[in-house]
2 protein chains.
Amino acid sequence: MENKKHRILVVDDEQSILELLTYNLEKEGYEVKSASDGIKAVEVAKAFNPEVILLDIMMPNQDGVETCRQIKENKDLNNTFVIFLTARSEEYSEVAAFDVGADDYITKPIKPRALMSRINAYFRRELKGKKDQILSGDLLIDRSSYTVRLNGDEIILPKKEFELLHFLVKNPNEVFNRDELLKNIWGTDVYVLARTVDVHIRKIREKIGDSYITTVKGVGYKFSIE
Amino acid sequence: MENKKHRILVVDDEQSILELLTYNLEKEGYEVKSASDGIKAVEVAKAFNPEVILLDIMMPNQDGVETCRQIKENKDLNNTFVIFLTARSEEYSEVAAFDVGADDYITKPIKPRALMSRINAYFRRELKGKKDQILSGDLLIDRSSYTVRLNGDEIILPKKEFELLHFLVKNPNEVFNRDELLKNIWGTDVYVLARTVDVHIRKIREKIGDSYITTVKGVGYKFSIE
DNA sequence: TACTTAACTTAACAATTAGTTAATGATTAG
DNA sequence: CTAATCATTAACTAATTGTTAAGTTAAGTA
């Protein structure tokens with residue numbers, strides 16, 4: 001599977017913190033880049049286009065607040081989720097941070113596990129409501145739009161046909177008899193002839209071709225994938 | 001103006017904290033409801049449908065962690081942004097909180113101004129991306145003027161029609177059933193027949209043509225874009 | 001405020017489509 | 001070869017959606 005890694009940029013002038021964060025984030029499966037001051041951070045951000053920036057507030061050259069402001073003003077970057085890191089002792093206020101567009105604010109010392117939970121929570125939220133798709137060979141089954149894409153062509157299936165295909169695709173290479181299919185797609189409380197399945201299979205094949213759903217004689221149907 | 005207030009639910013067993021939070025949030029312009037334990041919180045949440053819940057962790061009857069879990073499991077509530085409140089001394093861990101779906105985590109003592117900044121930041125983020133204009137194919141949807149431009153022709157839609165179209169365009173290719181549309185556009189507290197949606201769809205199609213909104217039989221409607 | 005218009009909702013009926021059944025023809029396995 | 005099983009078609013029924021019109025409510029204006 002080609003699940004693209006999420007991109008995170010960490011910015012801090014202390015090398016040890018950069019290393020700590022980078023190590024933990026990469027272990028968690030993120031793609032990480034780092035910068036050691038605010039000016040470099042903006043440069044890297046433009047090229048790397050991170051989804052999250054962990055931004056130290058107090059830095060030489062250009063502090064985090066100013067850096068954040070620049071990021072939030074940049075058309076390409078202003079959707080980035082910015083998390084400020086700050087030592088409790090520093091006088092920068094949380095209020096000021098949020099005023100320049102910060103999205104979160106964490107005080108040092110950094111507790112790696114807690115930080116990871118926070119970041120994972122962010123991505124969980126981001127991904128929710130997103131695609132509910134199954135790609136199988138050249139078939140793309142999209143539950144949210146009730147469509148099947150076959151070589152780019154979009155085919156809208158009626159509900160039952162879609163549910164049936166979706167069910168089979170979800171369980172590839174597994175054979176189901178008609179009663180099992182009825183039970184799973186029609187539900188247990190409906191009385192429908194088993195032959196009805198045949199007709200729906202027929203309709204589906206008519207639309208996507210015969211090569212996907214295989215008949216297993218004496219048993220039932222399955223979605224075949226090599 | 002009819003800028004609907006954002007809804008926030010605060011949950012804490014200490015009356016004084018409820019009052020502090022309610023006071024500050026209302027001053028900031030939010031619509032606030034409160035609950036004094038986890039069980040009541042879930043009840044209130046179902047009726048009030050808040051956008052943000054401030055949730056104390058340690059409470060009698062049912063603690064915040066369990067409450068959060070229930071909220072995140074509820075289909076209608078799981079988009080709510082949950083912020084945990086916890087005393088630094090309590091042994092509940094930040095990690096555990098995020099594991100049950102928390103979206104943010106703040107330690108007491110509560111600094112009202114900082115908390116407000118945080119919540120404002122959340123809504124700022126939410127509202128962003130709800131841009132005033134959406135261009136989709138040859139349709140330009142302009143929220144500020146409630147107009148739709150189609151090949152240069154300007155069409156003014158009445159509110160409900162506009163909101164409906166806007167919602168669909170904002171979530172292209174995603175099918176919504178009538179109840180979901182009612183909930184999102186009419187709100188949870190209005191009782192309107194589901195078929196009302198059909199009539200509005202009809203009116204929209206009359207004005208912009210039939211080719212944009214697709215009916216998915218047995219399911220609902222979607223805005224189609226290749 | 002009363003008048004006027006537009007928006008919104010409901011209800012009724014028409015049109016369409018999905019879903020099911022049943023009948024017939026084709027295929028396969030033993 | 002022949003039962004059994006599946007494919008296919010067509011006809012039928014049930015469910016869903018489209019459309020219109022009329023009744024209500026809300027908004028705007030003199």
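Numbers restart at 1 for each chain; the letters A, B, ... are given by sequence-line order, proteins then strands.
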**Q** What is the minimum heavy-atom distance between A:Leu55 and A:Gly64, and which atoms define it?
**A** CD2-O, 3.4 Å
**Q** Find which nucleotide of DNA chain C each of B:Thr196 and B:Leu157 is nearest to by heavy atoms, and output the residue with the more 5' nucleotide.
**A** B:Leu157
**Q** Rounded to whole angstroms, how far apart are OH on B:Tyr146 and C1' on C:dA6?
**A** 16 Å
**Q** Given that B:Val219 and B:Glu206 both sit by DNA chain D, which one's nearest nucleotide is further toward the 5' end?
**A** B:Val219
**Q** OP1 or OP2 of C:dA7 sitting under 4.0 Å from any side-chain N/O of B:His200?
**A** no
**Q** Within the pair A:Thr215 and D:dT5, is there a side-chain N or O less than 4.0 Å away from OP1 or OP2?
**A** no
**Q** Other residues, nucleotides and ligands only: do more than 12 of their heavy atoms fall within 6.0 Å of NZ on B:Lys111?
**A** no
**Q** Measure from NZ on B:Lys159 to C1' on D:dG28 and round the result to the nearest Å.
**A** 15 Å
**Q** Send over the distance from A:Asp210 CG to D:dC6 C1', rounded to a whole Å.
**A** 13 Å
**Q** Check whether any side-chain N or O of A:Trp186 sits under 4.0 Å from OP1 or OP2 of C:dG19, and answer yes or no.
**A** no
**Q** Produce the list of close N/O pairs, under 3.5 Å, pairing protein atoms with atoms of nucleotides 11-13 of chain C; give distances to one decimal.
**A**
none

**Q** Does D:dT5 have OP1 or OP2 under 4.0 Å away from a side-chain N or O of A:Arg178?
**A** no
**Q** On a heavy-atom basis, which atom in B:Gln62 and which in B:Met59 lie closest, and how many Å separate them?
**A** O-CE, 3.6 Å
**Q** Return the orientation label for the A:His6 and A:Phe123 ring planes: parallel under 30°, perpendicular over 60°, tilted otherwise.
**A** parallel
**Q** What is the separation between atom NZ on B:Lys207 and atom C1' on C:dA7, rounded to the nearest whole Å?
**A** 9 Å
**Q** Evaluate the ring planes of B:Phe84 and B:Tyr105, with Trp represented by its six-membered ring, and classify them as parallel (under 30°), tilted (30 to 60°) or perpendicular (over 60°).
**A** perpendicular
**Q** Report the nucleotide, chosen from C:dT21, D:dA7, D:dA4, that has the shortest atom-to-atom distance to any side-chain atom of A:Lys217.
**A** D:dA4
**Q** Mind calculating the distance between CG (A:Asn177) and P (D:dC6) to the nearest angstrom?
**A** 10 Å
**Q** So which heavy atom on A:Ile213 is nearest to which on A:Arg205, and how close?
**A** O-NH2, 3.0 Å
**Q** To the nearest Å, give me how far apart CD1 (A:Ile204) and C1' (D:dT8) are.
**A** 15 Å
**Q** Of all the choices, D:dT8, D:dA15, C:dT9, which nucleotide is nearest to the side chain of A:Asp198 once you look at every atom?
**A** D:dT8
**Q** For the pair B:Tyr212 and B:Phe223, name the ring-plane relationship: parallel under 30°, tilted 30 to 60°, perpendicular over 60°.
**A** parallel
**Q** Without decimals, in angstroms, what is the distance between B:Lys160 NZ and D:dA26 P?
**A** 10 Å
**Q** Has B:Arg202 got a side-chain N or O lying under 4.0 Å from the OP1 or OP2 atom of D:dG18?
**A** no
**Q** Taking atom CZ as the centre, does B:Arg113 end up with more than 12 heavy-atom neighbours from other residues, nucleotides or ligands that are less than 6.0 angstrom away?
**A** no
**Q** Side-chain N or O of B:Tyr221 versus OP1/OP2 of D:dG18: is the shortest distance under 4.0 Å?
**A** yes
**Q** Atom CZ of B:Arg205 and atom P of D:dT17: how far apart are they, to the nearest Å?
**A** 11 Å
**Q** I want to verify a distance call: between D:dA7, C:dA18, C:dT9, whose nearest atom is closest to the B:Lys203 side chain?
**A** C:dT9
